[in-house]
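One structure is given below, encoded as structure tokens.
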2 protein chains.
Amino acid sequence: MTNKIKPTAETYEINNRIFFRLFQLGNILQTKSTSNLGVTTVQWSVLGALSTEESKNGIHFGALVEYLMVSKQNLDGVLSRLERDDLVERKTGKHDRRSKLVFLTPTGREYWNRIETGIDAFYQESIAGFSVNERITLAYLFQKLHTNLKEMGDELLIAPLDPD
Amino acid sequence: MTNKIKPTAETYEINNRIFFRLFQLGNILQTKSTSNLGVTTVQWSVLGALSTEESKNGIHFGALVEYLMVSKQNLDGVLSRLERDDLVERKTGKHDRRSKLVFLTPTGREYWNRIETGIDAFYQESIAGFSVNERITLAYLFQKLHTNLKEMGDELLIAPLDPD
DNA sequence: TATTGTTATACTCTATAACTATA
DNA sequence: TATAGTTATAGAGTATAACAATA
């Protein structure tokens with residue numbers, strides 16, 4: 001006999017609400033990012049990561065893959081499009097010639113400065129009416145959810161088909 | 001002189017953290033949904049909406065567009081793929097012959113029953129270690145964030161380019 | 001041999017505009 | 001004329017496997 005509690009209908013319902021909202025919020029974020037800032041959310045994250053002081057000398061391709069949690073193949077595609085628009089540049093690593101360092105081009109830096117104001121406005125509107133405590137709580141709960149989801153495996157969770 | 005407070009570096013930073021996490025969580029949700037449940041998040045939402053008791057007699061295409069907050073063109077594509085897989089069916093409305101009612105097929109209902117168990121397992125893992133209060137708080141903060149984002153306009157927020 | 005990143009391919013989703021058929 | 005959905009087209013992101021260059 002274990003202490004495991006069978007989920008009640010209510011906890012299932014609140015989970016449903018949480019994850020449906022997460023789905024919607026993720027979608028809205030993508031849509032608004034594209035229409036209001038002119039970049040997709042992935043591009044936003046890439047440019048943001050490259051814009052920091054620590055990344056002045058470039059970020060390793062592999063580090064970016066880990067940080068953004070996208071596959072290397074997909075990041076390659078995203079970077080190619082950003083390179084096409086002259087916002088980003090890849091240079092071969094000096095010590096390890098297999099590795100690549102990713103940089104913001106001058107155009108990319110200028111572009112980032114322009115959208116950063118927009119990002120701030122976006123934040124203001126999104127988070128309007130949130131108390132400082134609520135922001136901190138949200139960040140904390142996101143962090144917690146993130147940890148759980150990151151640790152989840154990739155096994156199919158669906159029940160096998162009835163054979164007939 | 002207004003009461004408006006210029007955002008400090010800290011509030012900008014916490015906003016950054018919140019939205020970067022939202023971006024990551026949205027991505028992980030999509031990835032895990034596909035790999036662990038065998039459906040994309042949009043498909044999950046569609047099937048879930050169609051599976052409820054109230055939708056037994058179908059949901060109007062337009063109502064689904066509003067509920068899911070995707071464009072009609074995009075929902076059409078999602079439904080076409082679900083129809084191709086024989087999970088969903090569209091019937092012309094009786095009163096208004098322009099409208100369409102969307103249904104789960106028997107196969108679709110069976111499929112939903114199979115993945116529902118997986119969804120429950122997914123919820124358990126994701127939300128492990130959350131107190132009841134934390135779940136309620138998260139749902140509440142999501143709702144609040146959703147309201148703000150939904151009301152946001154579609155205007156470009158980026159500063160105009162310096163002419164030269 | 002193992003690792004870093006790229007190429008190739010196919011599919012899902014998204015954005016936009018123009019269109020058909022009903023009303 | 002207006003509304004409900006559809007078609008058409010282009011682009012971005014994602015999943016998977018196979019590959020080249022370098023270690």
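Naming: A, B, ... by sequence-line order, numbering from 1 per chain. Atom set for the values below is all heavy atoms of this structure, side chains included, hydrogens, waters and symmetry mates excluded.
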Contacts under 3.5 angstrom, residues 25-35 of chain B side chains, donor-acceptor by atom type, not counting sequence neighbours:
from, atom 1, to, atom 2, distance (Å)
B/Thr31, OG1, B/Asn27, O, 2.9
B/Lys32, NZ, A/Met152, O, 2.9
B/Lys32, NZ, A/Gly153, O, 3.3
B/Lys32, NZ, A/Asp154, OD1, 2.9
B/Ser33, OG, B/Val39, O, 2.7
B/Thr34, OG1, B/Gln30, O, 2.8
B/Ser35, OG, B/Thr31, O, 3.1

The residue, B/Asp96 or A/His95, whose nearest nucleotide of DNA chain D is more 5′ is B/Asp96
- How about A/Phe142 and B/Phe20: are their ring centroids closer than 6.0 Å? no
Sorted by number, residues from residues 36-52 of chain B placing a heavy atom under 4.0 Å from DNA chain D are none
Numerically ordered, the residues 67-86 of chain B set in heavy-atom contact under 4.0 Å with DNA chain D is B/Lys72, B/Gln73, B/Asp76
So, with a heavy-atom separation below 4.0 Å from DNA chain D, the residues of residues 57-65 of chain A are none
What pairs of donor and acceptor atoms, side-chain ones from residues 53-61 of chain B against any protein atom, are under 3.5 angstrom apart with sequence neighbours left out?
from, atom 1, to, atom 2, distance (Å)
B/Ser55, OG, B/Ala49, O, 2.8
B/Ser55, OG, B/Thr52, OG1, 2.6

field: Side chain B/Gln24, main chain B/Arg21, donor-acceptor under 3.5 Å
entry: no
Between CD of A/Gln24 and C1' of C/dT14 the distance, given in whole Å, is 17 Å
| With no hydrogens and no angle check, do the side chains of A/Thr117 and A/Asp120 hold a donor and an acceptor under 3.5 Å apart? | no
When rounded to whole Å, the CZ to C1' distance for the pair A/Phe23 and C/dT12 reads 13 Å
Under 4.0 Å, heavy atoms only, any strand: does A/Asp154 hit a base, just the sugar-phosphate, or nothing? nothing
inquiry  = Is the shortest side-chain heavy-atom distance between A/Arg135 and B/Asn15 below 4.5 Å?
reply    = yes
With a 4.0 Å cut-off (strictly under) to non-hydrogen atoms of chain B, the first and last hit nts on DNA chain D, 5' to 3', are D/dA2 to D/dA15
Practice item. Remember a base hit wins even if backbone is also touched, and classify A/Thr31 as base, sugar-phosphate or nothing at under 4.0 Å, heavy atoms. Key: sugar-phosphate
